[in-house]
Amino acid sequence: MMSKRWIPKPPVDDKVRAELASSLAVDPIIAGLLIQRGINDFDAAREFFRPGIHALHDPFLMKDMDRAVHRLSEALELCQPILVYGDYDVDGTTAVTLVYSYLKELGANCDYYIPDRYTEGYGFSFLAVDYAKEKGIKLIITLDCGIKDAEKIAYAKQKGIDVIICDHHHVGELPPAFAVLDPQRADCPYPYKGLSGCGVGFKLLQGLCIQNNIDTEGLMKYLDLLTISIGADIVPLTDENRILAYYGLQLLAQEEIRPGIRAILNSAKFNRPEITITDVVFILSPRINAAGRLVSGRQAVELLLASTLEEAMLLSPRLEDVNAARKEFDKNITTEAHQQIMNDDFYRTSFTTVVSNKGWHKGVVGIVASRLIEAYYKPTIVLVDDGDKMSGSARSIQGVDLLQMLDECAPLLEQYGGHTMAAGLSLKSENFEAFRLRFDEVVNKKLNSLLPSPFMEYDEEIQLAQITPKFYRIIKQFSPFGPQNMRPVFLARNIVDAQYTRPVGESEAHLKLHIKQEGEQSQPMYGIAFDMGKWSSFLKAGGKVDIIFSMEENIYNGTSSLQLFVKDIKKAGEHQTEKDLLNGVNTAY
Ligand SMILES: [Mn+2]
């Protein structure tokens with residue numbers, strides 16, 4: 001792992017901080033954390049700490065919402081057959097489950113369709129249109145996809161089928177759909193751009209309810225699905241998403257939850273009383289995804305639709321097997337990719353990592369790309385070589401917009417699309433070498449030939465004595481945490497062993513900390529630092545360190561205590577100053 005720079009968040013205005021701290025009667029550090037999150041006054045703080053459904057935006061602010069709702073209402077009235085279509089990833093399958101279930105609840109004549117990853121691929125599909133035509137479908141709702149599929153949408157239109165697109169991907173040429181709901185549309189005035197694909201589907205249903213005087217309360221039991229899509233798609237935990245996830249996580253924490261989710265949690269042996277977005281990301285999403293990626297997305301939807309635990313339990317062990325297989329693929333491909341990088345001089349000086357191989361599994365290349373970024377901190381593409389064609393996933397680092405980079409490589413690509421930090425692409429194998437060089441060149445240019453080194457951001461510097469139970473109770477209310485509302489990270493300087501610091505775990509890899517701040521009289525604190533066992537001897541010998549950490553509750557034998565989750569350690573005073581950071585550091589590993 002490369003050594004990381006520590007960077008403070010932009011400083012907060014002292015006067016604003018003092019005013020907010022006094023109006024809320026909280027520690028100035030808490031006020032600073034709120035200001036960093038865009039919360040500047042008492043009312044905004046109240047809204048933040050008590051997220052309310054009333055604060056959701058009016059769905060009709062979304063471009064084309066009135067058209068979409070009108071068409072959907074008409075289909076319901078006339079009992080026209082509707083097809084709910086979604087991608088095989090978590091956002092797509094949760095969206096299909098949500099929209100399909102709710103329309104069924106309203107008595108709709110509807111069916112759902114998830115494309116096959118191998119025969120149909122990502123996005124809307126010609127096969128689905130043929131299927132719909134055969135079944136006499138008059139209306140298709142696409143979820144988490146469709147915006148890029150103008151040709152296929154036109155094909156549906158030609159067959160006499162209306163399409164409502166619910167997507168959140170970047171919009172290029174507008175497809176000829178009956179209605180296009182996508183907050184990324186340049187002409188869409190919707191105030192929040194961060195919704196997941198499932199979130200856009202939810203807004204359509206919310207609009208449907210409002211238009212037809214149906215109580216939106218009936219939608220609330222589906223917020224578990226929406227919350228899973230928010231976690232899985234790594235969308236920001238701000239604004240509407242944070243409100244929806246706040247209620248969704250409460251649902252997920254109940255004993256009596258959707259049987260499919262209960263079954264997944266049971267088979268993953270999850271038994272903590274609370275569930276967080278992190279649990280959604282690391283426990284629920286991979287298992288739902290596993291089904292879509294390695295078998296078929298239909299399995300994921302079948303599981304989420306199961307009406308009894310018995311039925312769900314029949315399906316969930318399969319997911320557990322598939323998830324185990326996924327982990328194995330992931331491990332092997334990561335190892336092979338590392339070997340390729342080590343054995344190729346190109347990567348010593350490159351600004352990017354682009355690897356490819358025959359026989360790699362398409363379902364895990366995105367995860368492998370993320371792991372390679374952790375190791376080398378360069379924009380990364382991992383491709384599966386199918387002979388004539390290669391396809392795979394791209395992941396980026398801060399400051400490099402992938403879509404922009406891929407745009408500049410477009411002549412060498414067959415297909416590409418996605419978001420700033422994550423994208424998918426395919427190309428002819430004969431273009432691989434040229435693409436690899438071109439991609440490196442455009443990223444090099446973007447970074448002004450300065451390869452950034454990885455960094456960790458911290459919110460505030462703190463004295464350990466400031467961390468009281470009240471302080472932690474307030475920090476907890478900042479949740480749900482996630483992108484753009486991360487668990488607060490603190491810097492504390494001059495930390496020494498308080499007596500019981502020791503290495504733990506297999507081959508003493510980890511570090512159990514028992515620490516205090518030099519010269520402070522407060523109670524020592526406990527902490528955990530993964531993969532930092534080597535610091536034990538330094539601390540035991542009286543060494544002084546600086547740490548950056550977040551806080552978490554450690555539940556042990558049924559009692560809970562506060563512990564520091566230490567993310568990085570450096571010798572006291574050793575971390576770079578802000579001034580050094582501005583110069584950028586060129587680090588060929
Ligand atoms: Mn999505």
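Both counts, for ligands and for their atoms, begin at 1 and track the order of listing. Predicted, not measured: the structure shown is a model, and the values here were computed from it.
Remark: Tyr192 engages His57, Tyr190, Leu195, Pro236, Thr238, Asp239, Glu240, Asn241 in a side chain to side chain contact (heavy atoms under 4.5 Å, CB included) (not counting sequence neighbours).
With hydrogens and angles disregarded, a donor-acceptor distance shorter than 3.5 Å links the side chain of Thr276 to the backbone of Thr278. For the pair Arg395 (side chain) and Pro379 (backbone), a donor-acceptor distance under 3.5 Å is absent.
Of all protein atoms, those of element N, O or S that lie under 2.8 Å from the Mn ion (ligand 1) number 4.
At a cut-off of 3.5 Å, with distance as the only test, a side-chain donor of Gln80 or Arg71 sits close to an acceptor on the other residue. A donor atom on one side chain and an acceptor atom on the other are not found under 3.5 Å apart for Tyr100 and Asp111.
Looking at every heavy atom in both residues, Thr94 comes nearest to Leu304 through CG2-CD1, 4.2 Å.
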